[in-house]
Structures are given as C-alpha cells and as structure tokens.
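Heads up, the thing below is written out as structure tokens.
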Amino acid sequence: MKELLIILISSSIVNNVILSQFLGLCPFFGVSKKVETAAGMGGAVVFVITIASFVTGLLYNFILVPTGFEYLQTIVFILVIAALVQFVEMFLKKNVPSLYQALGVYLPLITTNCAVLGVALKNVSNGYNILQGVINGFATAVGFTIAIVIMAGIREKIEYNDIPTPFKGSAIVLVTAGLMAIAFFGFSGVI
C-alpha cells in the first residue's frame, strides 16, 4: 500500500509529466487558454492514460512477453492508444459537442502525445505490475491535469495584465511554464 502511495504522489506531483519530464507540451501550450477546455483535455487524458496503462500492461505481460515479442511494445502501445483516443473522440462528439469543438485538433493529438506513450513505456521499464502501472498512469494523468489547469488559470489572468511588448504572447507563456517547473521542482525534496 505504501508503495502505491509513493507511486501516486511521485507520478502526479514530484515527477510531473509536463513540468519535470517535459512530455505532452503540445496540448499543454495549445489547450491551456481557458480553464474549462484545459479541464476537459485533462479528463480525456486521465481516461486515455489510465485505460491505456491497464490494456498495455495486460498485452505486455500476457501476450508480448510469453511469445518473445517484447520488441514490438512501442507499436502495440501506439495502436492501443490510438484506438482509445478514437473512442474518446466519438464519445465527446456525440455527448459533449461543445468540449469536442473547444478541444479541436488537440483531441486527436492525444494519440501522438508523448506523455501517453511515455507512461506505457515507463510502466514496462520500471517493471510495474498491472496495478502499479494503472496507479502510475492515473497519477501521471492527474499530474498532467493539474499542470494544464493551473497554466490555464494563470493564462486567463495574464490576459488582463499589462505585459511589456517583448513578453506578450508565447514568450510570457514560456516564462510562466518555466516558473511553474521551478515551483514543482521544490516538491522533489519531499520524497
């Protein structure tokens, strides 16, 4: 139980996938303009990474390893992730069209989001069992959601501030992301 708690805290906060490992930056910068959109993207990523961690863990442990095809893990993991993202996209298009429109091109980009594939590969490289892999995937996705929602909240506030011309636009967003990464780095002394 203690080990699962350590995985949960370290994956979500200490080793935040965006602010510590710098994975998943495309949706982080692209979808973090409004809190509602960022939270929707976070929810989609939580679903995809958690389910992908479970399915890829099953496939790796019960099909790839026994048959000696471990070298196909990246291809298999990408196929699983792509199928899950298609499921999420169809669900959102039918049930939450406003969020589907707000996410736009970034929703299908979850398929190529390196954070999603990175979690599946990290689960294998760390030798996690299926439960540990699912906890790691869920915690990583929660960390992604925390980071993107915080960034969206800051970006909403930045719109109303008087920012010097050289820092307007992408520059202030990159500075903000850097400061957030430094702040989250402070958690590394905790565990």
Side-chain angles (χ1 to χ4, degrees), residues 1-58 60-61 77-78 80-81 84-85 87-88 92 99 103 106-107 109-157 173-174 176-191:
M1 185 66 179
K2 181 180 176 183
E3 184 178 330
L4 294 178
L5 185 62
I6 289 173
I7 291 172
L8 186 72
I9 293 171
S10 68
S11 294
S12 61
I13 297 174
V14 177
N15 297 317
N16 187 286
V17 71
I18 293 176
L19 301 173
S20 174
Q21 299 173 11
F22 307 113
L23 297 174
L25 293 176
C26 179
F28 177 67
F29 290 123
V31 182
S32 64
K33 293 178 182 167
K34 296 186 183 263
V35 172
E36 296 82 19
T37 308
M41 174 60 95
V45 168
V46 167
F47 176 80
V48 169
I49 289 181
T50 304
I51 301 299
S53 295
F54 177 71
V55 174
T56 56
L58 288 175
Y60 184 78
N61 290 319
F77 292 175
I78 289 172
V80 168
I81 292 164
L84 288 170
V85 170
F87 174 74
V88 169
L92 290 178
L99 180 58
L103 292 176
Y106 294 101
L107 185 58
L109 284 178
I110 294 175
T111 302
T112 59
N113 185 342
C114 52
V116 181
L117 179 60
V119 170
L121 294 174
K122 182 180 176 185
N123 290 342
V124 169
S125 69
N126 287 350
Y128 288 157
N129 62 35
I130 295 172
L131 177 62
Q132 290 171 327
V134 170
I135 296 294
N136 179 54
F138 175 76
T140 300
V142 167
F144 177 91
T145 304
I146 290 169
I148 197 170
V149 169
I150 290 172
M151 175 59 94
I154 292 171
R155 286 180 78 175
E156 284 183 358
K157 299 291 182 188
V173 174
L174 291 171
T176 303
L179 293 173
M180 285 176 60
I182 291 170
F184 270 72
F185 181 71
F187 291 117
S188 65
V190 175
I191 292 181

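Keep in mind the model is a prediction, meaning the values are calculated, not measured. Heavy-atom basis, side chains included; hydrogens, waters and symmetry copies ignored.
Among residue pairs with one or both ends in residues 27-46, those qualifying as side-chain hydrogen bond (donor to acceptor under 3.5 Å, both in side chains) are Ser32-Arg155; sequence neighbours excluded. Sequence neighbours left out, not one pair with a member in residues 41-51 passes side-chain hydrogen bond (donor to acceptor under 3.5 Å, both in side chains). For residues 133-146, the pairs satisfying side-chain hydrogen bond (donor to acceptor under 3.5 Å, both in side chains) are Ser11-Asn136, Asn123-Asn136, with sequence neighbours left out.
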Hey, can you pull the donor-acceptor pairs under 3.5 Å for the side chains in residues 15-28, sequence neighbours left out?
from	atom 1	to	atom 2	distance (Å)
Asn16	OD1	Ile18	N	2.9
Asn16	OD1	Leu19	N	3.1
Asn16	ND2	Ser12	O	3.2
Asn16	ND2	Gly143	O	2.9
Gln21	NE2	Asn15	O	3.4

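Heavy-atom neighbours of Tyr128 OH from other residues, nucleotides or ligands within 6.0 Å: above the threshold of 12.
Taking all atoms of both residues into account, the shortest heavy-atom contact from Leu8 to Ala139 is O-CB, 3.3 Å. Between Val142 and Val46, the shortest heavy-atom distance links the atoms N-CG2, 4.1 Å. Ile7 and Ser10 get closest at one heavy-atom pair: O-OG, 3.4 Å.
Gln132 places a side-chain N or O within donor-acceptor distance of the main-chain N or O of Asn129, the cut-off being under 3.5 Å.
Between the CD atom in Glu3 and the CG atom in Leu131 there is a gap of 9.5 Å [rounded to 0.5 Å]. The CD1 atom of Ile148 sits 10.0 Å away from atom CZ of Phe29, with the distance rounded to the nearest 0.5 Å. Atoms CG and CG, on Leu121 and Asn126 in that order, are 11.0 Å from each other to the nearest 0.5 Å. Distance OG1/Thr56 to CD1/Ile130: 9.0 Å, rounded to 0.5 Å. Rounding to the nearest 0.5 Å gives a distance of 5.0 Å between CG of Leu117 and CD1 of Ile78.
Phe144 places none of its side-chain heavy atoms less than 4.5 Å from the side chain of Val119.
With sequence neighbours left out, the ring-ring contact (aromatic ring centres under 6.0 Å, His included) criterion links Phe47 to Phe87. By the ring-ring contact (aromatic ring centres under 6.0 Å, His included) test, Tyr60 pairs with no residue at all, sequence neighbours left out.
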